[in-house]
Amino acid sequence: MSNGLSQIITITASNLRSVSERKAASIVAVAGIAGVVAILVGVLSMREGFRATLDQAGAKDVAIVLRSGSAAELSSGLTLDQTRIISGASSIVQKNGVPAASPELYVIVDVPMRSTGTEANVPLRGVGAQATRVRSKFKLIQGRMFTPGRFEVMVGRGAASQFAGLEVGKSVRWGTTDWDVVGMFEDGGSVSESEIWTDATVLQGAYRRGSSFQSVRVQLGSPSAIKSFKDELSVDPRLNVRVLSEYEYFSEQSKSLSTLINAVGYTVALLMGLGAIFGALNTMYSAVSARTREIATLRALGFGAWPVVSSVVTESMLLGLLGGVIGCLIAYLGFNGIRASTLNFASFSQITFAFAVTPALLAKGLLYALALSFIGGIMPGIRAARLPITSGLREL
Amino acid sequence: MSTLVRIHELTKNFQRGSELVQVLQRLDLEIPQGDFLALMGPSGSGKSTLLNLIGGLDRPTSGSIEVAGHDISKLNDTALGRWRADNVGFVFQMYNLLPALTAQGNVELPLLLTSLSASERRQRAAAALQLVGLSERAQHKPRELSGGQEQRVGIARAIVSDPTLLLCDEPTGDLDRKSGDEVLDLLQALNDQQGKTIIMVTHDPRAAERARRVLHLEKGQLVRESV
């Protein structure tokens, strides 16, 4: 059996040339697998997009300081004195003689969603002049910055696209106050783009926060500087704070939602995958039974069982690959770049993100298609190879 | 002439539901090298089963089949497949050509099991097609050939690897008289001129006349031999 490979190639080529005679069944198998792959890649692209948004928000050389024991900004609280002590730490980069440290506070306001009109939670962040210094990708793209001391806001690009009434020039009412929308900004696709910003002092007054803040964001010289920054704050008896890099903070926040999307995505894909396996099985069983006499003839001539099994599996996997490619295309054309928003459980506020169909996801989709079609081909292949030759030769 | 096939106390039973069907019963037979043997008998007499057993397509319930000194009933499936590829050429009633391959491709099939290079395989297949008079049809698919031509391609496939034994199951059963005669002429020439040992199952007395010997089977036993 020195020509095992050419045996497999010859039998497979012969099988494939007769696929046109089994068009309907083959199309069902290809479509089934394409559907499963499109759903799998689509659902996981939601997770990828969500994670990418939170990842982009998280610089490794930017630290967030919260009150000790707080998991998120919402549950944190820092006094004005504490934010001043923090801002004086020596590890913080100085920009124009001023430390790049931004004390911020954060409330949640109700804004109607564009798609459904229902109210959703959106973060309204109070910031000072330092806020843009700790966000290197920040860029004003429309209008102007808010004027300190006035009831003015600027909105992130994501928030503006998902929520109604946030166009520059419009006015919105939260609580007893009317706010003018004066500008729109972007921040490299980060989570900040899902927020609305205003002057911290104005926000403190409007929401009766006194002079308190919830977090301080600081720019460090390098990612490794976070350790010395942490050490410096932890020895100060006036402070009781938790320090983590922005990157750590956001990956912590995205964990629960990523896990949920993963679980849902894989469960749906698994259940649909079972259906697709039956489609592939049916196709390959009918392919094998249509060719029983041919297979028996080849085996009578001395072809081994292995080339017969391999050729059936190869045919099934080629159909699976075709289905996989179609499914990936559907997912890419249908989902990639679509913007959506969802509730971030950690901050109880909406976060907007774009579905991201990444090359790794496409590879995952193709692998899944190949795995499904392998299972769909192996059993009919073994059956073909085990059927007694003499009964196969009698088939018409 | 030396004995090529030696069959001793060959028995073959099939289980059909709860019923045990005895197809061949303690059959003894010797076939010399260079023989052209026709097996005749009514349907169910066991002639095709005997042919399948001699060709290693099936296994006996008991007894032995020696071909050129090897007891093939003792070979495992893989070894039996290799033995068939090296020693036996099959000619089927329905030709059993692969519809997706050309005549040339069909004839080359058995050579894929040898160590011959692609160009050697092409040459050997072309020579076999020339022998059966179908050189000009080499690139045609089976559906573009007549029944007689298809069967001649089947014979070219059976002889391309130069086997010792040619086993033909009703080779003219699906052909008109003229095509059948051409096929029988070809088999006779392979026996006379190339010394191929041929065993042919047939219902057709005219086909059987071409053989050197005719064996009649009934209910799994040899009942008569005519020359």
Quick one: pull up [atom1] in [X] and [atom2] in [Y] and give me the separation to the nearest 0.5 Å.
X: A/T390; Y: B/D58; atom1: OG1; atom2: CG; result: 4.5 Å
X: A/L393; Y: B/N52; atom1: CG; atom2: CG; result: 7.0 Å
X: A/L301; Y: B/L98; atom1: CG; atom2: CG; result: 8.5 Å

Answer yes or no: does atom [atom1] of [X] have more than 12 heavy-atom neighbours from other residues, nucleotides or ligands under 6.0 Å?
X: B/E9; atom1: CD; value: yes
X: A/R383; atom1: CZ; value: no
X: A/F278; atom1: CZ; value: no
X: B/W83; atom1: CH2; value: yes
X: A/F335; atom1: CZ; value: yes
X: B/H70; atom1: NE2; value: no

Closest heavy-atom pair and its distance - [X], [Y]:
X: B/L112; Y: A/F303; value: CD1-CZ, 4.1 Å
X: B/A85; Y: A/G302; value: CB-CA, 4.2 Å
X: A/A300; Y: B/F92; value: CB-CZ, 4.2 Å

* Asked: Is there a donor-acceptor pair under 3.5 Å between the side chain of B/R84 and the backbone N or O of A/R299?
  -> yes
* Structure fact -> Highest number of heavy-atom pairs under 4.5 Å with chain A among B/L101, B/D86, B/L109 belongs to B/L109
